[in-house]
Chemist: 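My questions will all concern the structure given below.
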Amino acid sequence: MLTTIDGGSPYGIATGPDGALWFTLVHEGRVGRVSPGQEPVIHQLDPADGQPTVITPGVDGAMWFTEGKGGRVCRITADGKVTSYEADSPYGISAGPDGGMWFTQMQSGRIGRIGPGGERAEFEVPVEGGMPAFITAGPDDALWFTINQGNAIGRVSPAGEVTVHPLPTEGAAPVGITLGPDGALWFVEIGAGQVGRIDVSGKITEYPLPDRAARPHAIIAGPDGALWFTEWAADRLGRITTDGSIEEHPLPPLPAELGEGSDGAARKAEPHGLTIGPDGAIWVALEAGALARIG
């Protein structure tokens, strides 16, 4: 099932504490909110040129998102009120076990933190040009993150101590990362076409996809005890069990009103973020202009 979003290009998506789906419209500078079966509500950001990307629930009942081009980490309430904090090229963001919001800063190579009272801290990632990307809370009271150009997985403790675990595959370019149902961190390698697993001791296992050119982007723990991930280049959704068994599922076809590609062929869906919706299904943000419900 597809929900067409007239307001722009969905990129990040997450279920909020209010029981609704929240999503970013990356090229239009907007954030949307929709309950399954209802019409979306779109909030225009001001300024509108910040390119909002990743969005996640906070510990404070609000949603938090990053604006990489605008250099802002933002908080939005259920009624659309936005509070912004300056940050250098923020991208991934996650609520931490310490009550703070933790985020990556891709260009400066740092991990940032905003505390419950707005206090700020930054921690250097010791990988020159590493470009930290997604970040997630681990099972060990720390935050784990991908280092896209550094070809590594990082861990930062609440005190700001950073540990780097290099990946065995050259040019893997990890992006999405999530805590799995087995207590390990699972991530996707957009450059190598693989899914990876790292446990808290630093042991890494990699699983090649059937289509190594699929360019997996984001990954979540699904409602079924498996991991689900988007394949940006292949317009598919992938599923991997904790023992490494992989399935791939095509996305629903795009409606005609979303147009065609420049070559006249059907437009690419461009799946990015995904989440478990309030209805227990998996919802995927399609940059072509829709949200897809799977299951």
Side-chain angles (χ1 to χ4, degrees), residues 11-12 14 53-59 64-68 73 87-115 120-169 171-180 183-192 194-206 216-221 227 229-230 272-274:
Y11 186 96
T53 50
V54 181
I55 189 166
T56 194
V59 296
W64 289 71
F65 62 94
T66 53
E67 291 187 282
V73 171
D88 177 47
S89 58
Y91 182 70
I93 187 167
S94 174
D98 60 348
M101 297 302 298
W102 292 72
F103 55 95
T104 60
Q105 299 183 96
M106 295 189 77
Q107 299 303 321
S108 60
R110 298 188 181 100
I111 303 299
R113 178 186 182 274
I114 300 174
R120 304 291 302 274
E122 290 187 344
F123 308 102
E124 200 79 29
V125 177
V127 180
E128 186 175 355
M131 296 185 69
F134 276 85
I135 187 168
T136 193
D140 54 353
D141 292 332
L143 283 297
W144 291 72
F145 56 94
T146 52
I147 308 175
N148 178 259
Q149 292 301 296
N151 213 52
I153 303 299
R155 176 189 183 273
V156 58
S157 72
E161 299 165 332
V162 176
T163 306
V164 174
H165 301 278
L167 295 177
T169 300
V175 188
I177 188 169
T178 194
L179 177 61
L185 287 305
W186 289 75
F187 56 93
V188 287
E189 300 175 354
I190 197 170
Q194 299 185 138
V195 177
R197 177 189 185 274
I198 182 170
D199 64 22
V200 293
S201 73
K203 180 183 177 182
I204 295 170
T205 308
E206 295 173 310
H217 173 78
I219 186 169
I220 62 167
L227 290 301
F229 53 95
T230 51
H272 287 291
L274 72 170

Chemist: Could you check whether any side-chain N or O of Thr205 sits under 3.5 Å from a backbone N or O of Arg197, counting only pairs where one atom can act as donor and the other as acceptor?
Modeler: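 Not a single qualifying donor-acceptor pair exists.
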
Chemist: Phe145 and Val162: side-chain contact (heavy atoms from CB on, under 4.5 Å), yes or no, with the steps?
Modeler: CA-CA 10 Å; Phe145 56 94; Val162 176; 4.1 Å; yes

Chemist: May I ask you to decide if Pro132's main-chain N or O and Asn148's side chain share a donor-acceptor pair within less than 3.5 Å?
Modeler: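 Here the side-chain-to-backbone pair does not exist.
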
Chemist: Identify the two heavy atoms, one from Pro126 and one from Glu124, that lie closest to each other, and give their separation to 0.1 Å.
Modeler: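 Shortest heavy-atom separation between Pro126 and Glu124 comes out as CD-O, 3.6 Å.
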
Chemist: With a 4.5 Å heavy-atom cut-off, do Val175 and Phe134 have their side chains touching?
Modeler: yes

Chemist: Going from CD1 on Ile93 to CG on Leu143, what distance comes out if it is rounded to the nearest 0.5 angstrom?
Modeler: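 It is 10.5 Å, given to the nearest 0.5 Å.
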
Chemist: Measuring only between side-chain heavy atoms, which start at C-beta, is Val200 closer than 4.5 Å to Pro139?
Modeler: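 Yes; the side chains approach each other to less than 4.5 Å.
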
Chemist: Can you name the closest pair of heavy atoms from Ser157 and Ala142 and give their distance?
Modeler: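 Closest pair (atom of Ser157, atom of Ala142, distance): CA-CB, 4.2 Å.
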
Chemist: Can you tell me how the ring of Tyr91 sits relative to the ring of Tyr11, calling it parallel under 30°, perpendicular over 60° and tilted otherwise?
Modeler: perpendicular

Chemist: Set out, in order, the CA-CA distance, both residues' side-chain angles and the distance that settles side-chain contact (heavy atoms from CB on, under 4.5 Å) for Glu122 and Asp88, then state yes or no.
Modeler: CA-CA 11 Å; Glu122 290 187 344; Asp88 177 47; 5.6 Å; no

Chemist: Considering non-hydrogen atoms only, spot the tightest contact between Trp144 and Gly138 and give its length.
Modeler: CD1-CA, 3.8 Å

Chemist: Given Thr53 and Thr66, is the side-chain hydrogen bond (donor to acceptor under 3.5 Å, both in side chains) satisfied, shown in steps?
Modeler: CA-CA 6 Å; Thr53 50; Thr66 53; 3.0 Å; yes

Chemist: Of the non-hydrogen atoms in Val188 and His217, which two are nearest, and what is the gap between them?
Modeler: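 Taking Val188 first and His217 second, the nearest heavy atoms are CG2-O, 3.4 Å.
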
Chemist: Output, in order, the C-alpha distance, side-chain angles, deciding distance and verdict of side-chain contact (heavy atoms from CB on, under 4.5 Å) for Val164 and Ile147.
Modeler: CA-CA 9 Å; Val164 174; Ile147 308 175; 4.1 Å; yes

Chemist: Could you tell me if the side chain of Leu185 sits less than 4.5 Å from the side chain of Ile153, heavy atoms only?
Modeler: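 SC-SC contact between Ile153 and Leu185 ruled out.
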
Chemist: Which atom pair, heavy atoms only, marks the closest approach of Gly273 to Ala218?
Modeler: CA-CB, 4.1 Å

Chemist: How many angstroms lie between CD1 in Ile111 and CH2 in Trp102, if you round to the nearest 0.5 Å?
Modeler: 8.5 Å

Chemist: Output all residues satisfying side chain to side chain contact (heavy atoms under 4.5 Å, CB included) with Glu206, sequence neighbours left out; order by chain, then residue number.
Modeler: Leu167, Pro168, Thr169, Glu189, Gln194, Ile204

Chemist: State the CD1-CZ distance between Ile114 and Phe103, to the nearest 0.5 angstrom.
Modeler: 4.5 Å

Chemist: How long is the span from the CE atom in Met131 to the CG atom in Asn151, to the nearest 0.5 Å?
Modeler: 13.5 Å

Chemist: Calculate, to the nearest 0.5 Å, the distance between atoms NZ and NE2 belonging to Lys203 and His165 respectively.
Modeler: 14.0 Å

Chemist: Drop me the distance from Arg155's CZ to Glu161's CD, to the nearest 0.5 angstrom.
Modeler: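 Reported to 0.5 Å precision, the distance equals 8.0 Å.
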
Chemist: Which heavy atom of Phe187 sits nearest to which heavy atom of Pro174, and what is that distance?
Modeler: CD1-CB, 4.2 Å

